[in-house]
Number of protein chains: 2
Amino acid sequence: MQDAVLAMLAKQPAHGYHLHALLRRALGPLGESMNRGQIYVTLSRAERAGLVVCERTEGLPERPERKVYALTAAGHQRVAAWLAEVGRPKPDLAEFHLKLFAAAAARLADPVELVAAQRRELLRRLREAHQAALAEPAGSGAGLLLEGVVLRLQADLRWLESCERAWSTVDDEAEDG
Amino acid sequence: MQDAVLAMLAKQPAHGYHLHALLRRALGPLGESMNRGQIYVTLSRAERAGLVVCERTEGLPERPERKVYALTAAGHQRVAAWLAEVGRPKPDLAEFHLKLFAAAAARLADPVELVAAQRRELLRRLREAHQAALAEPAGSGAGLLLEGVVLRLQADLRWLESCERAWSTVDDEAEDG
DNA sequence: TAGCCAATAGATAGCGGTTACCTATTCGGG
DNA sequence: CCCGAATAGGTAACCGCTATCTATTGGCTA
């Protein structure tokens, strides 16, 4: 979450409500369950960590609502690192999806290359899972679990093919609003 | 995690290290990354919540190592609720796997019925995802994400078939050690 | 005009998951 | 006799997430 929020700030400074709207739009129906308060928790923690700063210049001078946050240099580094890394311990569909969105919107990375890197990682894990499954005794619980992992990895690889098709034909549709 | 730890205590009281070993064995290669300290964090929080109590009777009287925890009545209720519920917001492969394990070990529920309930839930979500995908404009990011969700759900359904095969032939292999 | 509701905007308390790190004992082998 | 592995217990701090609260603005209606 923190990475996704920071990545949304990479293109331009914004206030919490706007970030929330961006994330919801990027996630579609899956984003409807997102809690708005989480954005502010995430932003305040990122501010404490020095990844963002608040410039509360928006609105009338007497009513400084709309706290506008901007990425610091450390924040930009963090975003770049997030986009560069693959194969986190928690492979999340939505997280990778947001990564593609942010990369395209902020022109920080090529989505097609991100897809290729992710595919390499998933193939690597698929090999690992197969090997691990072979090492398990037949009928063991762990073997069954590994079978589930394999099936999911295969499904994710098929999804990546769709991602590649979609993002290789897109050039400038990643608008912000 | 908390639910899984509590479920491991449903069969008999145990101390943290033993619970850790049980979870690692149940998860196989996927459990190797589990941090041991997490068990103690989980147990202390469960104790604060009144779900477990500590009977530090094991070991010599002068050296009360091996804190043995036991479920309270509230803890048993919690475990029963965990086994009864389906379709959490976070469908996790390992969590369901552990649920089957715990249900079989503690004789608290029929694994085959749990599989059937899970399949009903996944089919329901599959219908939802399909409907949501139809409502999305073609080529939108959210539609792509929904396609990934559908592929994963289909993979999980295939995995459930393997689970059913495996657990319908098992009767008493869920030993504890 | 007063009342009400939705959208906008921000925030906090608290739980649970996770990691990184620390301590202490026991026991066998070099 | 010391060293290291296995066993056993623990803490601090972070992040994700939910439930809940406040406040303003603007429009609609009774």
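Just the heavy atoms: all of them, side chains too, but no hydrogens, waters or symmetry mates, feed the values below. In what follows, chains are A, B, ... by sequence order, proteins preceding strands, each numbered from 1.
- One hydrophobic cluster holds both M1(B) and V52(B) under the rule that ILVMFWY side chains link at heavy-atom gaps under 4.5 Å.
- One interatomic measurement links the two molecules: CG of L6(A) to P of dC14(D), which rounds to 16 Å at whole-angstrom precision.
- Out of dA11(C), dT11(D), dA7(C), the shortest distance to the side chain of Y69(A) is found at dA11(C).
- With distances taken from any side-chain atom of N35(A) to the nucleotides dT18(D), dT8(C), dG10(D), the minimum falls on dT18(D).
- Side-chain proximity of R48(B) to the nucleotides dA7(C), dG9(D), dC15(C) is greatest for dC15(C).
- Note: CG (L98(A)) to P (dG16(D)) measures 12 Å, nearest angstrom.
- The nearest whole Å value for the distance from the CG atom in L43(B) to the C1' atom in dG17(C) is 14 Å.
- Computed from coordinates, the E95(A) CD to dC15(D) C1' distance equals 13 Å when rounded to whole Å.
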N/O donor-acceptor pairs under 3.5 Å from side chains in residues 37-50 of chain B, not counting sequence neighbours:
| unit_1 | atom_1 | unit_2 | atom_2 | d |
| --- | --- | --- | --- | --- |
| T42(B) | OG1 | Q38(B) | O | 2.8 |
| S44(B) | OG | Y40(B) | O | 3.0 |
| S44(B) | OG | V41(B) | O | 2.9 |

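- If you take CD1 of I39(B) and C1' of dT18(C), they are 12 Å apart, rounded to a whole angstrom.
- A straight line from CD of E55(B) to P of dG9(D) spans 13 Å, rounded to a whole angstrom.
- Within 3.5 Å, a donor on the side chain of R45(A) pairs with an acceptor on the base of dG16(D), or the reverse.
- The interatomic distance linking L27(B) (CG) with dT18(C) (P) rounds to 11 Å, in whole Å.
- The side chain of M1(B) lies closest to dT18(C), out of dA8(D), dT18(C), dT18(D).
- Comparing S44(B) and Y17(B) by the nucleotide of DNA chain D whose heavy atom lies nearest to each, the residue mapping closer to the 5' end is Y17(B).
- The residue Q2(B) sits close only to the backbone: its heavy atoms come under 4.0 Å of sugar-phosphate atoms, none of a base.
- For H15(A), a side-chain nitrogen or oxygen approaches OP1 or OP2 of dG10(C) to under 4.0 Å.
- At a threshold of 4.0 angstrom between heavy atoms, the contacts of G37(B) include nucleobase atoms, whether or not backbone atoms are also involved.
- Judged by distance alone, with hydrogens and angles left aside, R36(B) brings no side-chain donor or acceptor close enough to the base of dG10(D) to form a pair under 3.5 Å.
- The side chain of Q38(A) approaches dT18(D) more closely than any other nucleotide in the set dG10(D), dT18(C), dT18(D).
- Side chain to side chain, W82(A) and E95(A) meet the donor-acceptor criterion of an N or O pair below 3.5 Å.
- With sequence neighbours excluded, the residues satisfying salt bridge (Lys or Arg N to Asp or Glu O under 4.0 Å) with E164(A) are R119(A).
- Nearest-nucleotide assignment on DNA chain C puts the 5′-proximal partner with V41(A), out of T42(B) and V41(A).
- Rounded to whole angstrom, the span from the CE atom of M34(A) across to the C1' atom of dA19(D) amounts to 16 Å.
- Electrostatic pairing of E161(A) and R158(A) does not count as a salt bridge here, judged by no charged N lying under 4.0 Å from a carboxylate O.
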